[in-house]
Amino acid sequence: MPEGRNRAFVIAVDGPAASGKGTLARRLAAHLGYAYLDTGLIYRAVGLALMRKNMVRADPGAALQAARALSLDDLDDPELRGDDVAGMASQVAALPEVRAALIDYQRRFAQHPPGKAKGVILDGRDIGTVICPDADAKIFVEASVDTRANRRVKELRERGVTAIYARVLEDMKERDARDRSRSVAPMVPADDAHSLDTTNLDAEAAFQEALEFITSQNMSDA
Ligand code: CDP
């Protein structure tokens, strides 16, 4: 921890599916030497646990049990990246009891980053509004839904998964609508978030804009 500061510098990166927030957050973390947590993986892990029990709808009791049983090792499973898992993740993520069970884990990570990193980056939907409302820098990453669906199709095909654009677009719209309209921790930009639209920005340009914003946020003592 740097002198004069007794807590980690916290960066919250939120935004909808395939907006580029994961790529951005990972790159910022590597550049700054900060710890990184992809909070989407946590909800995906709970969703995948239910799918492995052959559930197609998220049963609240089973989802809460899976959330409580979650371990760090569960976040390394390559199957978490599937789009079917994303759909189930957004169902479990709408359950207030599941979200409540996962708050402490995320806050602990932010307050005590692994490896005593001097800063931490969390990406998700509610980091700047609910998990870390006092974050030092908040960024809300957006992009048009067509751009995002195209990115997701490309990403899936690069992983060797067959992906049909119209289907991916439809799934994404459905998931965004559920994430935006749920009663608990809906996906909305925090009032003090810097809005970053990546529709016409490549990864490098998005990184530069984000870094410029972050370094303007009292980073001198971090
Ligand atoms: O990678 P992508 O942006 O498509 O999704 P993700 O970040 O892995 O998140 C999967 C789902 O988990 C989202 O659609 C949300 O429903 C949920 N989620 C959430 O509710 N809160 C978070 N902090 C992160 C994810």
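Remember, predicted model here, so these are calculated numbers, not experimental data. Just so you know, ligand 1 is whichever comes first in the structure, and atom 1 is the first atom listed for that ligand.
Between H194 and F213, the two ring planes are parallel [angle under 30°; tilted spans 30° to 60°].
Atom-to-atom distance recorded for I139:CD1 and K21:NZ is 13.0 Å, nearest 0.5 angstrom. Distance check, rounded to the nearest 0.5 Å: CG of L48 to CZ of R81 gives 12.5 Å. Interatomic distance, CG of L75 versus CG of L37, reported as 7.5 Å (0.5 Å rounding). Note that CZ of R99 and CD1 of I42 are 10.0 Å apart. Values are rounded to the nearest 0.5 Å.
Scanning the protein for heavy atoms near atom 8 (O) of ligand 1, the closest one is R44 NE, 2.6 Å. For atom 7 (O) of ligand 1, the nearest protein heavy atom (residue, atom name, distance) is R125 NH1, 3.0 Å. Of the protein's non-hydrogen atoms, Y43 CD1, 3.6 Å is the one closest to atom 18 (N) of ligand 1. K21 NZ, 2.7 Å is the protein heavy atom nearest to atom 3 (O) of ligand 1.
Assignment of M172 to the shell around ligand 1 is not supported, since no heavy atom sits closer than 4.0 Å. Not a single heavy atom of M187 lies less than 4.0 angstrom from ligand 1. Using a 4.0 Å heavy-atom cutoff, R182 is listed among the residues neighbouring ligand 1. Using a 4.0 Å heavy-atom cutoff, R99 is listed among the residues neighbouring ligand 1.
Per-residue contacts place G124 under 4.0 angstrom from the following atoms of ligand 1 (heavy atoms of the residue considered): 22 (C), 23 (N), 24 (C). Close approach of ligand 1 to D179 (heavy-atom distance below 4.0 Å) involves ligand atoms 13 (C), 14 (O), 15 (C), 16 (O). Taking a cut-off of under 4.0 Å to the non-hydrogen atoms of R152, the atoms of ligand 1 that pass are 1 (O), 2 (P), 4 (O). Using a 4.0 Å cut-off to heavy atoms of A93, the atoms of ligand 1 that qualify are 16 (O), 17 (C), 20 (O). Ligand-side atoms of ligand 1 in range of S90: 14 (O), 16 (O), range being under 4.0 angstrom from any heavy atom. Per-residue contacts place T39 under 4.0 angstrom from the following atoms of ligand 1 (heavy atoms of the residue considered): 22 (C), 23 (N), 24 (C).
In this structure, R182 contributes its side chain and V184 its backbone to a donor-acceptor pair below 3.5 Å. At least one donor-acceptor pair under 3.5 Å links the side chain of S181 to the backbone N or O of A177. With hydrogens and angles disregarded, no donor-acceptor distance shorter than 3.5 Å links the side chain of R125 to the backbone of D14.
When all heavy atoms of G124 and T39 are compared, the closest pair comes out as CA-OG1, 3.3 Å.
The backbone of A18, and not its side chain, has at least one atom closer than 4.0 Å to an atom of ligand 1 (non-hydrogen atoms only; backbone = N, CA, C, O). Here R178 has no heavy atoms under 4.0 Å from ligand 1, in either its backbone or its side chain.
In terms of polar-atom proximity, Q106 is not counted as a contact of ligand 1, lacking any N or O under 3.5 Å from an N or O of the ligand. Looking at R175 next to ligand 1, an N or O pair under 3.5 Å apart turns up. Not one N or O of D123 is nearer than 3.5 Å to an N or O of ligand 1, by distance alone.
Side-chain contact, Q208 with E212: no donor N or O sits under 3.5 Å from an acceptor N or O. R148 and T198 share no side-chain donor-acceptor pair at under 3.5 Å.
Here R44 does not pair with D74 in a salt bridge; the nearest charged N to carboxylate O distance is not below 4.0 Å.
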